[in-house]
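Every value quoted in this text rests on a predicted model; they were computed, and no experiment measured them. By convention in this document, chain letters (A, B, ...) are assigned in the order of the sequence lines, proteins followed by strands, and residues within each chain are numbered from 1.
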Amino acid sequence: MSAYWETLSHNGVNFPEEYVPSGLTIKVNGAEAQLTPLAEEMAYHLAKKKDTPYIQDPVFTSNFMKDFSKLLPPAYRRATYSEVDFSRFFNQVDQERADKESMSKEKKKSLAAKRKNSREALKARYGRATVDGKEVEIANWMVEPPGLFMGRGQHPLRGSWKPRVTQDDVILNLDEKTTAPAGKWKQVVHDHNSMWMAKWVDKLTEKEKYVWLHETSPIQQSRNMAKYDKAQAVGKNLDRIRSKIEEGLESNDEVAAQVATVCYLIDRLGMRVGDEKDEDEADTVGASTLRVEHVQIDGPTVEFKFLGKDSVPWLKKDTPPPAVVRNLKRLTSGKSQDAEVFHHVSSQMVNQFLSSIVPGLSAKVFRTYHATATADEVLHSKNFSHAEDLDKLYHAKEANLAAAVFCNHQRTPPKTWEQSLEKKKERLELARASGSEARAQKLEREVDFYVRTKNYNLNTSMKNYIDPRVYKKWCDEVGLEWAKVYSKSLQKKFSWVSPEDAVSEPGVGVSPPASGAKHSP
DNA sequence: AATGAGACTTGGAAAAATGTTT
DNA sequence: AAACATTTTTCCAAGTCTCATT
C-alpha cells in the first residue's frame, strides 16, 4: 500500500457543547426522583422524540430505560418505562417548540444568522486541513453529539444511549512535524496510508467512526473518478464476465456453482453482495446471505423478497436462465426457511472470483455500472435537439429515476404526500378548465412524475451511482447547462469532470485532482 | 486460507435552505 | 410577508471490501 499524503496538518476535531442541566425531575410510580446531569440529558433527548413513532416502540423505550435507570437512585433502578413520568420534560420540549413558533420573523432570522456565524467560526478553525501544502475542506469536522441511537428498522439497540465522545477517546492522524492540538488525545498517529483525519470507537455500537476530507479534496476527487473508471471496465468486459459466470453456474464444484449463482443475482438483479452481520444488528441480507424464506420459485419465475440495506424492502421477480433456477431449487429444497441459500459462499469468495476475471473487480461495481448504463440509455432514448430546457430537465430526471429504480433506492413518502397530490391535481383541473393547454400539459407531467417517484429517493443515484460524465456529455449534446442537473454540492463533488463548469468558491474545491491517485513513496 | 478489525463508500431521514402560493 | 411546498444539505447509520494477522 502506498501513501495518500506526504504532509498533513489540521486543528483536531470540534466537540459538541456540554449539556447544561436545568434541574428538571421525573416521577417514578408517583414519587419524585432527582436526576444526575447525565440522566437529565438522556431524559431530554427522549422528550425530543415525544411526537414520533419511536416512542411508541417498546424496544426503543425499554432500551432507553436499560441505560437510563442505571443512573437513578438505587430504589428506582428496576423502574420500567411506563412507571416513569417524564411529563416535565415533555412540557419543556413543548414549551421550547411553542417559543420557537411564536418568535418574530426578525428574531428567528437573527438567531439563524448567529448560529451560522458561530458555525463559520468553528469551521474556520476545525473545518480545514492542509494536505501536501494545499488547504482542503474537512467533511465531518464536528464530532457526533451524544444522543439516542436511531438505528434503522428493527435494530436491536434502537433507543439506547450513545455516550458522549471525549478528547481522550479520539485518535488523530497528523504528519510527524505537526504538533497535536492541546489536550490529552487517546493517541496521535502519522499514518500516511490512511485518509482519515481523526477517529474514535463509538461506545455503544463499538464501531469505528472517522473524520474524512471533503469530497472536493484532491484525494477524494481522484478516487471518485477512479471508481467510475472501474465501472466502465465492467462494461468493456461484460461479455467475458458473464460467460465466466455462466460457466460457473454449470460447475460440478459446489462452491463454484454457488458463487456463480450469487454473481448472477448481483449482475442481473442489482443485488448487493451482503456481508455477514452480527446478532446485535438489524436482520438484513444481500445476495450471498439470502435465506430460503426470501426465495419463491414458481416454475420458471423466481421471486426475491427480503429486507436489504437500511431495512428497505427489496422485491423483484425474474425469469432466470434454467441453470440458475436449477441451482436455486437445489439450494432451497430440503432446507429450513431460515437456512442460508448459499451456505458455502462468503462475500470475500464472490470478490475473489470477480477479481480473477477483471483485476480489481468487486460486487458493488455492478451497481455502479448498471445504474450508469441505465441512465445513459434513457438519456439517449429520445432526441432533444428542439426541446425546451424544462423538457430536457424532466428527461434528465427520468434517467435518474430509472437508475434509482434499478438500485432500489426507496424512501418513505412524506406525510403530506397525498394532500400534495390533491393540490397538484386541482391546479391541473383549473388549467384544463381555463383552456390553457400548455400549462395543463406541464402540470400533467408534474403529477405523473410525482406519482411515479412517490416511493423513490433520487439523491443517492445522482450522488453515488451515475457517472457524472454521462450527464455532462448529454448536457453538451442537447445544449443544457449541467448546473441545472446537479445541485451546487454535487457540482463541487464532480468538479473533476469539468472544472470550468463548477461553481467557484475561492481557494477550495475547483482545481482538478492530481493525476495519480496516490503518491509514490 | 480464513477471519475479523479497520478503512472507506453508500444510504434514507430529518433539518435547513430555497422557492412558490396565498 | 406569512404560509406552505419543494429542493438541498447534513447527519450518522449501515453497508462493502481489503489487508493484517493468525
Visitor: Under 4.0 Å between any heavy atoms, over every strand shown, what does A:R152 touch: base, sugar-phosphate, or nothing? Just pick one.
Guide: base
Visitor: Classify the nucleic acid contact of A:P145 as base, sugar-phosphate or nothing, counting any heavy atom under 4.0 Å across all strands shown.
Guide: sugar-phosphate
Visitor: Base, sugar-phosphate or nothing for A:D310? Non-hydrogen atoms, less than 4.0 Å.
Guide: sugar-phosphate
Visitor: Contact list please: residues 255-288 of chain A against DNA chain B, heavy atoms, distance less than 4.0 Å, in numerical order.
Guide: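 When residues 255-288 of chain A is checked for heavy atoms under 4.0 Å from DNA chain B, the hits, listed by number, are A:R272.
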Visitor: List in chain and number order the residues that pass salt bridge (charged side-chain N to carboxylate O under 4.0 Å, His left out) with A:D389, two or more places apart in sequence or in another chain; answer none if no residue qualifies.
Guide: A:K392, A:K484
Visitor: Check nucleotides 15-22 of chain B for protein N or O atoms closer than 3.5 Å to its own N or O atoms and list the pairs.
Guide:
none

Visitor: Which ones in residues 158-166 of chain A lie close to DNA chain C, meaning a heavy atom under 4.0 Å from one of its atoms?
Guide: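 A:K162 - these, ordered by number, are the residues of the stretch whose heavy atoms sit under 4.0 Å from the strand.
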Visitor: By nearest nucleotide on DNA chain B, pick out whichever of A:Y54 and A:D191 is the more 5' one.
Guide: A:D191
Visitor: Need one value for A:K199: base, sugar-phosphate or nothing, where a base atom within 4.0 Å counts as base even if backbone is also close, heavy atoms only.
Guide: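 Sugar-phosphate: the residue A:K199, judged by heavy atoms under 4.0 Å, touches backbone atoms but no base.
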Visitor: Across the strands shown, which category fits A:W212 at heavy-atom distances under 4.0 angstrom: base, sugar-phosphate, nothing?
Guide: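 Answer is base: heavy atoms of A:W212 come under 4.0 Å of a base.
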Visitor: Specify the residue among A:Q220 and A:V201 whose closest nucleotide of DNA chain B lies further upstream toward the 5′ end.
Guide: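 Its nearest nucleotide lies further toward 5', so the answer is A:V201.
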Visitor: At under 4.0 Å between heavy atoms, what does A:Y456 touch on the DNA or RNA strands: base, sugar-phosphate, or nothing?
Guide: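 No contact.
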Visitor: Pull out every residue in residues 346-374 of chain A that has a heavy atom closer than 4.0 Å to any atom of DNA chain B, ordered by number, or say none.
Guide: A:Q348, A:K364, A:R367
Visitor: Is A:Q352 atom CD crowded by more than 12 heavy atoms from other residues, nucleotides or ligands, each under 6.0 Å away?
Guide: no
Visitor: To the nearest Å, give me how far apart NE2 (A:H409) and P (C:dA14) are.
Guide: 16 Å
Visitor: From the list C:dT6, C:dA13, B:dG11, which nucleotide is the closest neighbour of the side chain of A:N464?
Guide: B:dG11
Visitor: What residues form a salt bridge (charged side-chain N to carboxylate O under 4.0 Å, His left out) with A:K277, not counting sequence neighbours?
Guide: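 If we apply the salt bridge (charged side-chain N to carboxylate O under 4.0 Å, His left out) test to A:K277, skipping adjacent residues, there are no hits.
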